[in-house]
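One structure below.
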Amino acid sequence: MDEPAVGPSPAQESSFLSPESFSTLDEYSKNPRFIELQEELRGVLFARASGENVNLDDDAPDQHDAEDAEQPEPKRGFDFTRVGIPKIKLIRYLKNWIIECAPYLDKFDHARHFAVRVPVVAESSPALFYAVLAFSARQMERKAGSDKNFDSLELYQESIRLLAPGMQAKDSNMLVTACILAVMELMSGSPRNWRRHIEGCAALFDLFQVNGFSGGVLQAVFWCYARMEVCGAIISAGAESTVLALRSWTPPPPPPPPPQAAPGHLGTNAEADVFVRDAFYQRSLGNSDMHANWAVYLCAKACDLLYRSTRATELQEPDRQDARPFTAQWTSLWEHLQFWFESRPAVSLPTLVSEDSGQPFPTILFAHWPAISSNQVYHATCLIMLDMRPRCASVVAGSPEDSAVWHARRVCGISLTNPHRASLINAIQPLYLAGRLLTHTEEHMAVGRLFKIIEETTGWGALWRLRDLEIVWGYVPGEISAAMG
């Protein structure tokens with residue numbers, strides 16, 4: 001793999017700027033019972049994943065349309081009696097799931113599987129029901145700043161207890177349950193430990209043979225998981241790649257050509273990339289949700305390329321995944337990224353763009369929810385790519401896409417203009433990537449206010465990333481936060 005430009009990148013310089021002392025960890029994440037339950041959940045998931053492969057056609061609902069598969073009619077109705085929490089509070093948590101929490105996970109899904117389908121399935125799946133309640137309770141606790149009376153711990157414990165029998169029965173609904181619990185853990189725990197929160201889920205996707213094209217509720221669950229993967233990979237800044245290998249994110253490409261391929265043949269890696277690009281493109285025609293998921297996949301590809309480049313340049317480790325030179329890999333991914341941008345459906349285009357609106361960043365308004373995050377993820381991916389661009393890589397000279405600052409300002413402008421809560425949660429890591437390139441105090445303050453809004457309105461930990469940026473910007477940790485009041 002040939003080397004990108006010499007010298008430490010901003011990503012490498014700040015790879016581990018988020019030690020415990022800089023993170024907004026509350027007492028919950030340090031709670032011995034929470035830590036113990038996390039390990040118990042990992043044990044349940046890995047114990048099942050280490051067993052023989054599951055064929056959903058024989059043993060569980062069909063992965064392409066799990067909700068429509070014919071199964072014996074189970075007993076329906078929510079069972080509120082398994083915990084000591086008053087029923088009226090549990091009903092409040094269920095209501096909060098539908099109104100507040102599920103939209104966080106349905107941000108790229110017009111069918112709203114988490115809001116509409118998951119509560120229906122939960123009527124006959126107690127493990128899933130209590131996972132929903134645990135997530136909702138934790139979100140309400142964080143949003144309220146509660147430091148005691150953690151109903152979510154009791155609900156989390158009950159969901160894990162009920163999860164093991166479902167795993168033994170090869171119930172694919174347990175994949176939905178595990179994903180919801182993983183998101184809850186990621187919301188509650190140390191961001192540095194992101195891999196521990198999602199490793200069990202990754203094993204289950206392989207076990208149940210589910211990918212980003214599976215259809216139905218399981219596809220929605222996969223892309224919810226994938227967004228967690230991308231956030232974690234960005235946090236690692238090249239130190240780690242995705243937990244679930246990218247080849248498992250999409251259907252497998254056709255078999256490689258014979259060794260005696262004609263001169264000038266693209267090679268299996270390039271062909272596989274083109275196959276996946278075309279598969280996404282065909283699925284995204286008339287389907288803005290899939291076009292948004294495609295952006296997440298491309299960001300994961302960029303994080304994986306950064307990881308392999310880091311291993312090659314710093315550890316002199318050969319790239320056994322892709323034999324092409326680094327420049328060829330970078331150029332191919334950059335072209336696919338620009339193809340995504342140019343092929344956006346009409347609903348994914350901004351409704352309004354204003355460069356001079358009296359704000360520190362451009363005004364970029366979107367009318368369609370998936371368009372908010374997918375466009376922001378595109379700009380964040382360009383930042384990752386430009387950060388490791390090899391000297392000899394050719395781009396269109398003078399084009400705005402060639403400017404990292406241009407992309408950074410758009411990342412911030414999208415969040416500033418579109419206060420959709422689900423999209424704000426998805427913006428935490430893109431805002432960090434963009435914030436590293438900002439130089440003016442007014443811009444620093446604007447980004448700081450965005451992080452504060454995210455944490456206060458969604459319950460999602462965001463201010464730890466502002467503390468990382470304060471170090472990058474040269475402030476004393478907490479200085480921008482104090483200036484915001």
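A side-chain donor-acceptor contact under 3.5 Å links E141 and S152. Between the side chains of H291 and S374, no donor-acceptor pair of N or O atoms lies under 3.5 Å. Side-chain contact of N375 with R410: a donor-acceptor pair under 3.5 Å is absent, judged by distance alone. Under 3.5 Å, the side chains of D304 and S241 contain a donor-acceptor pair of N or O atoms. Counted by atom type alone, W369 and H110 present zero donor-acceptor pairs between their side chains at under 3.5 Å.
Shown here are the ring-ring contact (aromatic ring centres under 6.0 Å, His included) partners of F341, two or more places apart in sequence or in another chain: Y378. Every residue two or more places apart in sequence or in another chain that forms a salt bridge (charged side-chain N to carboxylate O under 4.0 Å, His left out) with K143 is listed here: E100.
Aromatic ring centroids of Y104 and F135 lie 6.0 Å or more apart.
Side chains of L433 and V411 form no contact here, defined as non-hydrogen atoms less than 4.5 Å apart. Contact annotation: the side chain of P251 approaches that of N211 to within less than 4.5 Å [non-hydrogen atoms, C-beta and beyond]. A heavy-atom distance below 4.5 Å is found between the side chains of S415 and Q376.
Ionic pairing of R112 and D106 is not present here: no N-O contact between side-chain nitrogen and carboxylate oxygen is shorter than 4.0 angstrom. Between K301 and D273, at least one side-chain N (NZ, or NE/NH1/NH2) sits under 4.0 Å from a carboxylate O, which counts as a salt bridge. Taking 4.0 Å as the cut-off between side-chain N and carboxylate O, D322 and R308 do not count as a salt-bridged pair.
Taking CZ of R465 as the reference point, atom CD of Q429 lies at 4.5 Å (rounded to 0.5 Å).
The aromatic rings of F205 and F222 stand perpendicular to each other, their planes meeting at an angle above 60°, with 30° marking the opposite boundary. Using bins of under 30°, 30° to 60° and over 60° for the plane-to-plane angle, the ring pair F34/Y156 lands in the tilted bin.
Shown here for V377 and A295, the closest heavy-atom pair between the two residues is CG1-O, 3.5 Å.
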